[in-house]
Trainee: 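Have a look at this one before I ask anything.
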Number of protein chains: 2
Amino acid sequence: MVTMQDVAERAGVTKQTVSNVISGRVAVRPSTEARVRAAIDELGYLPNLVARSLATGNTRTVGLFVPTVVTAFYADLVEAVEDVLEEHGHHLLLCTTRRDGERARRHLAGLTSRSVDALLIAGDQDLIDHLPLLSHARFPVVLCAWETDVPERYPVVTIDYDHSGYLAGRHLRELGHERVAVLASPAHSVRVEGFRRAFAVDGVTVPDRAVHMAPEPSFRGGIAAAHAALAAAPGTTALFATHDVLAAGALVAAREAGRSVPRGLSVVGLDDSPEGLLSRPALTSVALPKREMARQAIELLLRDRTASGSPAIPRRLLRPELVVRDSTGPAA
Amino acid sequence: MVTMQDVAERAGVTKQTVSNVISGRVAVRPSTEARVRAAIDELGYLPNLVARSLATGNTRTVGLFVPTVVTAFYADLVEAVEDVLEEHGHHLLLCTTRRDGERARRHLAGLTSRSVDALLIAGDQDLIDHLPLLSHARFPVVLCAWETDVPERYPVVTIDYDHSGYLAGRHLRELGHERVAVLASPAHSVRVEGFRRAFAVDGVTVPDRAVHMAPEPSFRGGIAAAHAALAAAPGTTALFATHDVLAAGALVAAREAGRSVPRGLSVVGLDDSPEGLLSRPALTSVALPKREMARQAIELLLRDRTASGSPAIPRRLLRPELVVRDSTGPAA
DNA sequence: CTGAAAGCGCTTACAG
DNA sequence: CTGAAAGCGCTTACAG
């Protein structure tokens with residue numbers, strides 16, 4: 001493998017000069033530069049990034065933890081992060097925790113030795129107990145997409161999940177719905193709170209018995225929960241699901257139960273996912289600004305760290321947005 | 001930041017001894033080891049992975065190129081790769097090319113300087129022109145999930161895509177279908193060939209006019225292509241879509257056209273994706289062995305490279321499998 | 001504009 | 001079982 005030294009000898013200069021032409025930080029006489037570049041091409045020289053990292057102290061790589069990549073939300077987030085990283089000339093080291101605390105711990109420990117310049121951790125309950133591992137980390141850490149129990153010690157860029165539920169609720173209220181049910185998965189309690197708040201504003205209470213749980217946000221879970229909701233309260237005119245896949249299941253359940261959507265039943269989801277677009281009718285949903293979240297989080301991470309005299313730990317909350325499509329309509 | 005030297009001083013030994021206790025490669029007297037470990041804990045010492053990489057010549061990181069991560073196929077592949085990597089104690093550097101040749105080129109160039117130990121490239125036409133950039137790479141490269149124009153120069157672990165189409169065709173043949181149409185996207189010509197072969201075996205020809213193209217494998221494209229197919233040949237009893245999302249669209253089109261599935265029309269997809277499971281009726285499909293592909297590809301990559309006296313460039317073809325669900329039935 | 005020197009933090013033979 | 005030395009391939013001041 002050819003090194004900078006080899007190039008230098010070939011070009012009849014020292015390796016410092018080669019380094020100068022590569023980095024462009026120091027002016028080099030044009031004729032010298034030409035000789036060096038020729039030598040680089042002839043030899044097929046490629047700088048060794050590891051050596052450079054040891055000398056400069058940065059790897060131009062940032063780590064990203066996500067629970068999974070199979071889900072549209074996190075897949076989008078990963079690509080958004082990668083885009084912003086590319087603008088900054090950084091690479092992406094990816095770790096999916098797969099809802100496995102032990103696995104998360106191992107990966108966290110494995111990265112904590114400056115093989116990355118910074119670390120972005122997308123909301124994951126599995127990781128929360130292991131965050132103290134980062135106490136000796138030599139790089140900045142920011143948290144994003146954190147929905148509950150947001151740790152106070154780290155900067156956070158996340159979404160106003162409470163408001164996302166509120167938007168769904170307000171939409172249904174504006175359509176005149178009073179008898180509603182909620183399909184929720186356990187991790188989404190904040191969304192349910194927001195939803196309830198939209199009704200509480202008008203003095204309407206969404207009782208606990210109107211909230212039907214699905215163990216996780218799955219299509220099948222949505223079908224089952226919707227059937228349960230409709231059976232428990234046949235007079236229900238609208239359903240709010242804390243995630244689109246749950247809502248997609250609810251649409252199937254509605255059909256099975258002989259309820260037409262939106263005529264006989266309105267359904268609103270959350271996350272504005274491909275599953276919602278794919279449903280018939282297309283799902284009204286609440287979009288979560290993941291790309292904006294990625295941008296802000298990475299910029300926080302890559303911001304001049306020397307100017308670390310910042311007094312407060314940054315906490316940013318991004319606003320979701322209602323997307324009205326075909327699954328919601330006025331209450332009968 | 002505390003270094004190995006700091007630990008050594010604290011423990012009253014030299015840094016070589018610290019290195020020995022950390023690596024465990026050389027036996028260390030128990031009492032010495034205890035002192036060293038205590039010093040490590042007290043100081044919160046974390047080895048610098050970059051320095052280690054420079055000294056050892058390996059980064060314990062492998063790069064993976066995929067077109068995107070938003071699609072279930074590649075998302076699964078990424079997680080499968082990560083799983084195998086973890087078994088080997090390696091990290092994952094991820095690059096999505098996003099069907100953008102220029103972007104792919106930049107990333108490829110950026111990695112070619114030994115910031116990874118090995119590189120796995122999942123089929124991507126955007127990358128194919130830039131593969132020569134790898135000629136000076138200091139690490140092994142293998143290709144996977146490559147569907148057409150498989151480069152000869154590199155080891156390949158891929159799926160028998162032709163056979164996947166064949167399995168779909170044979171299934172339909174066995175159900176007695178003769179008048180069939182194909183919904184295909186341009187990248188999937190191999191799958192169409194295989195499908196045709198299953199019919200050709202019985203002397204039945206699937207004519208070009210029965211093949212309806214969708215610009216890409218999208219839900220909307222599937223709806224449009226299916227409508228076109230049904231309009232062009234109302235007597236069609238079965239549809240083969242080269243991807244499940246196309247087939248999911250076809251299911252919607254069938255409903256819109258008043259054709260019941262599978263009674264009045266059979267539909268078979270390919271890829272055994274979540275979209276297919278989510279469809280009503282659940283889609284008959286052909287599963288592609290992505291996890292097995294990931295395993296074999298990574299093991300090829302990480303295999304003892306010193307034993308590189310292997311004569312032939314490895315080429316492995318994995319077998320897909322038919323998954324019969326509810327969208328196919330006997331021809332009327 | 002170019003060269004000599006020191007150093008980044010480890011690991012790897014090699015002596016003792 | 002432990003220590004002294006050299007080296008991995010760069011970059012960064014610092015002289016000239």
Side-chain angles (χ1 to χ4, degrees), chain A residues 1-37 39-40 43-61 110 112-117 136-139 306, chain B residues 1-37 39-40 43-61 110 112-117 136-139 306:
Chain A
M1 97 195 58
V2 17
T3 74
M4 192 172 260
Q5 181 63 43
D6 300 328
V7 174
E9 285 168 13
R10 174 113 183 185
V13 296
T14 61
K15 64 181 199 288
Q16 294 78 342
T17 300
V18 177
S19 178
N20 287 340
V21 351
I22 289 176
S23 71
R25 299 163 67 85
V26 175
V28 174
R29 190 198 307 168
S31 62
T32 307
E33 169 162 357
R35 282 211 318 284
V36 169
R37 295 214 178 276
I40 288 176
L43 263 27
Y45 169 71
L46 254 17
N48 181 325
L49 262 31
V50 173
R52 178 181 296 172
S53 287
L54 183 59
T56 62
N58 63 256
T59 61
R60 313 230 98 201
T61 297
T112 314
S113 308
R114 199 172 81 191
S115 47
V116 294
D117 287 351
H136 290 290
R138 323 175 197 240
F139 46 76
T306 58
Chain B
M1 99 194 57
V2 17
T3 75
M4 192 171 261
Q5 181 62 44
D6 299 329
V7 173
E9 284 168 12
R10 174 113 183 186
V13 296
T14 62
K15 63 181 199 289
Q16 294 77 343
T17 299
V18 177
S19 177
N20 288 340
V21 350
I22 289 176
S23 71
R25 300 163 67 84
V26 175
V28 174
R29 191 197 306 166
S31 61
T32 308
E33 169 162 357
R35 282 211 318 285
V36 170
R37 294 212 179 278
I40 288 176
L43 264 27
Y45 169 71
L46 255 16
N48 181 325
L49 263 29
V50 172
R52 179 181 296 172
S53 287
L54 184 59
T56 62
N58 62 257
T59 61
R60 312 230 99 202
T61 297
T112 313
S113 308
R114 198 170 83 190
S115 48
V116 294
D117 287 351
H136 289 290
R138 323 174 197 242
F139 46 75
T306 57

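Order of the sequence lines fixes the chain letters, A, B, ..., with proteins taken first and strands second; residue numbering starts at 1 for each chain. Just so it is clear, the structure is predicted and the values come from calculations on it, not from any experiment.
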Trainee: Which base sits across from D/dG16 as a Watson-Crick or G-U pair, both distances under 3.5 Å?
Mentor: C/dC1
Trainee: Ignoring backbone atoms, test whether B/R25 places a side-chain nitrogen or oxygen under 4.0 Å from the OP1 or OP2 oxygen of C/dT12.
Mentor: yes
Trainee: Please determine, for the side chain of A/N48, which listed nucleotide (D/dG7, D/dT2, D/dC10) has the closest atom?
Mentor: D/dC10
Trainee: Taking all atoms of both residues into account, what is the closest heavy-atom pair of A/R114 and B/V50, and its distance?
Mentor: O-CG2, 3.4 Å
Trainee: Between B/I22 (CD1) and C/dC10 (C1'), how many Å, whole number?
Mentor: 10 Å
Trainee: Rounded to the nearest 0.5 Å, how far does CZ of A/R52 lie from OG of B/S113?
Mentor: 7.5 Å
Trainee: Could you identify which residues of residues 6-18 of chain B place a heavy atom less than 4.0 Å from some atom of DNA chain D, listed by residue number, or say none?
Mentor: B/V13, B/T14, B/Q16, B/T17
Trainee: Does B/L46 offer a backbone N or O that forms a donor-acceptor pair with the side chain of A/R138 under 3.5 Å?
Mentor: yes
Trainee: Tell me which of B/L54 and A/S19 sits closer to the 5' end of DNA chain D, going by the nucleotide each one is nearest to.
Mentor: B/L54
Trainee: Kindly point out which of C/dG9, D/dT11, D/dC1 is positioned nearest to the side chain of A/M4?
Mentor: D/dT11
Trainee: Could you pick out which residue, A/P30 or A/R114, lies toward the 5' side of DNA chain C when each is mapped onto its nearest nucleotide?
Mentor: A/P30
Trainee: Toward the 5' end of DNA chain D, which comes first, B/V28 or A/L46, by nearest nucleotide?
Mentor: B/V28
Trainee: To the nearest angstrom, how far is B/Q5 atom CD from C/dG9 atom P?
Mentor: 11 Å
Trainee: When the distance from CG of A/N20 to P of D/dG16 is rounded to whole Å, what number comes out?
Mentor: 18 Å
Trainee: So, is B/T32 close to the D/dT2 phosphate, meaning a side-chain N or O under 4.0 Å from OP1 or OP2?
Mentor: yes
Trainee: If I compare all heavy atoms of B/A11 with all of B/V36, which pair ends up nearest, and what's the gap?
Mentor: CB-CA, 3.9 Å
Trainee: Rounded to the nearest 0.5 Å, what separation is found between the OH atom of B/Y45 and the CZ atom of B/R37?
Mentor: 12.0 Å
Trainee: Would you indicate, yes or no, if D/dT2 has its OP1 or OP2 atom less than 4.0 angstrom from a side-chain nitrogen or oxygen of B/R29?
Mentor: yes
Trainee: Please, which pairs that meet salt bridge (Lys or Arg N to Asp or Glu O under 4.0 Å) have at least one residue in residues 4-19 of chain A, sequence neighbours excluded?
Mentor: A/R10-A/E42
Trainee: Take the protein atom CG of B/N58 and the nucleotide atom P of C/dT11, then report the distance between them rounded to whole Å.
Mentor: 11 Å
Trainee: How long is the line joining CE of B/M1 and P of C/dG7, in whole Å?
Mentor: 16 Å
Trainee: Atom OG in A/S53, atom CG in A/D117: separation rounded to 0.5 Å?
Mentor: 7.5 Å
